[in-house]
Amino acid sequence: QVQLVESGGGLAQAGGSLRLSCAASGRTLSTYAMGWFRQAPGKEREFAATISRGGSITDYADGVKGRFTISRDNSKGTVYLQMNSLKPEDTAVYYCAARRYTTTSNPSMYDYWGQGTQVTVSS
């Protein structure tokens, strides 16, 4: 079992940047592929980015590709989401999630979730 805690959310202006962190405790982080998802009010949770256990494979949703970067430091038990060129439509609660083995963009295939961190982008 792994526990996940997100941090780094807040208020940013359009065009600005934020970096989210997801700290894992419990089992070794390198056991898990990790994902970032987001959920805006009234909308379903959607995929943003995912990274493999060793960090060599990443994948992004089309809407964030080229602006967001997912990375991980297994020695620190932390996964990051660097968000640049933020847009008002990026406003959402952002969640990190963990699953054994391979990456996927399907949220139903993740086993562990954090509590989320709010990101608000003003125009």
Side-chain angles (χ1 to χ4, degrees):
Q1 187 139 359
V2 63
Q3 293 79 42
L4 304 173
V5 179
E6 302 95 335
S7 62
L11 178 64
Q13 290 189 334
S17 299
L18 285 173
R19 188 176 82 154
L20 305 183
S21 298
C22 173
S25 60
R27 296 289 296 272
T28 305
L29 185 65
S30 59
T31 303
Y32 300 94
M34 301 296 294
W36 283 98
F37 295 81
R38 63 187 184 181
Q39 187 166 18
K43 295 188 177 181
E44 293 188 353
R45 191 168 299 188
E46 66 175 13
F47 167 72
T50 184
I51 188 166
S52 60
R53 289 177 291 172
S56 62
I57 298 171
T58 58
D59 190 25
Y60 299 90
D62 288 343
V64 308
K65 199 171 294 184
R67 299 188 298 120
F68 290 10
T69 302
I70 188 171
S71 62
R72 65 191 297 160
D73 186 338
N74 287 338
S75 68
K76 296 182 178 179
T78 304
V79 178
Y80 305 96
L81 186 68
Q82 178 67 44
M83 305 186 296
N84 298 330
S85 302
L86 284 164
K87 303 176 181 180
E89 51 263 45
D90 294 320
T91 295
V93 178
Y94 283 71
Y95 300 89
C96 69
R99 71 182 299 266
R100 299 291 298 270
Y101 311 120
T102 58
T103 59
T104 178
S105 61
N106 186 343
S108 68
M109 299 184 73
Y110 283 78
D111 302 307
Y112 305 102
W113 292 83
Q115 82 290 348
T117 186
Q118 176 71 47
V119 170
T120 302
V121 184
S122 63
S123 57

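Along the sequence shown, residues carry numbers from 1.
Considering every non-hydrogen atom in both Gln3 and Gln1, the closest pair reads NE2-CG, 3.6 Å. Heavy-atom minimum distance, Ala33 versus Tyr101: CB-O, 3.4 Å. Taking every heavy atom of both residues into account, Ala98 and Val2 meet most closely at CB-CG1, 4.1 Å.
Here the CZ atom belonging to Arg38 is positioned 11.0 Å from the CG atom belonging to Leu20, to the nearest 0.5 angstrom. A distance of 9.5 Å separates CD in Gln13 from OG in Ser123, rounded to the nearest 0.5 Å. Atoms CG and CG, on Leu29 and Asp73 in that order, are 9.0 Å from each other to the nearest 0.5 Å. Taken from CD in Gln118 to CG in Leu11, the straight-line distance is 10.0 Å, to the nearest 0.5 Å. Rounded to the nearest 0.5 angstrom, Cys22 SG and Arg72 CZ are separated by 9.5 Å. Within the model, atoms CG of Leu81 and OG1 of Thr117 stand 11.0 Å from one another, a figure rounded to the nearest 0.5 Å.
Heavy-atom contacts from other residues, nucleotides or ligands closer than 6.0 Å to NZ of Lys65 number more than 12.
Cys96 is listed as a side-chain neighbour of Leu4, based on a closest heavy-atom distance under 4.5 Å. Using a 4.5 Å cut-off on side-chain heavy atoms (C-beta onward), Asp59 and Thr103 make no contact. Contact check for Thr50 versus Thr104: no side-chain heavy atoms found under the 4.5 Å cut-off. Using a 4.5 Å heavy-atom threshold, the side chains of Gln115 and Val5 count as touching. For the pair Arg67/Tyr60, no side-chain contact is recorded, criterion being any heavy-atom separation below 4.5 Å from C-beta on.
Aromatic ring pairs are classed by plane angle as parallel below 30°, tilted from 30° to 60° and perpendicular above 60°; the pair Phe37 and Phe47 is perpendicular. Classified by interplanar angle (parallel below 30°, tilted 30° to 60°, perpendicular above 60°), the ring pair Tyr112/Tyr32 is perpendicular.
The pair Lys87-Asp90 does not count as a salt bridge, with every side-chain nitrogen at least 4.0 angstrom from each carboxylate oxygen.
A side-chain donor-acceptor contact under 3.5 Å links Asn106 and Ser108.
In terms of modelled atom types and a separation under 3.5 Å, the side chain of Thr91 and the main chain of Val121 share a donor-acceptor contact. Side chain of Gln82 to main chain of Arg19: no donor-acceptor pair is present (N/O by atom type, distance under 3.5 Å, no hydrogens or angles). Looking only at distances, no side-chain donor or acceptor of Asn74 sits under 3.5 Å from a matching main-chain atom of Thr28.
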Using side chain to side chain contact (heavy atoms under 4.5 Å, CB included), reason through Thr31 and Arg53 one step at a time and then give a plain yes or no.
CA-CA 6 Å; Thr31 303; Arg53 289 177 291 172; 5.6 Å; no
Evaluate the criterion side chain to side chain contact (heavy atoms under 4.5 Å, CB included) for residue pair Trp36 and Ile51; output intermediate values, then yes/no.
CA-CA 9 Å; Trp36 283 98; Ile51 188 166; over 6 Å; no
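Residues Ile70 and Tyr95 do not share a hydrophobic cluster, defined by chaining ILVMFWY side chains whose heavy atoms lie under 4.5 Å apart. Side-chain heavy atoms closer than 4.5 Å link hydrophobic residues (I, L, V, M, F, W, Y) into clusters, and following such links, even through other members, never connects Tyr110 to Tyr80. Linking Ile, Leu, Val, Met, Phe, Trp and Tyr whenever their side-chain heavy atoms come within less than 4.5 Å leaves Met109 and Trp113 in two separate clusters.
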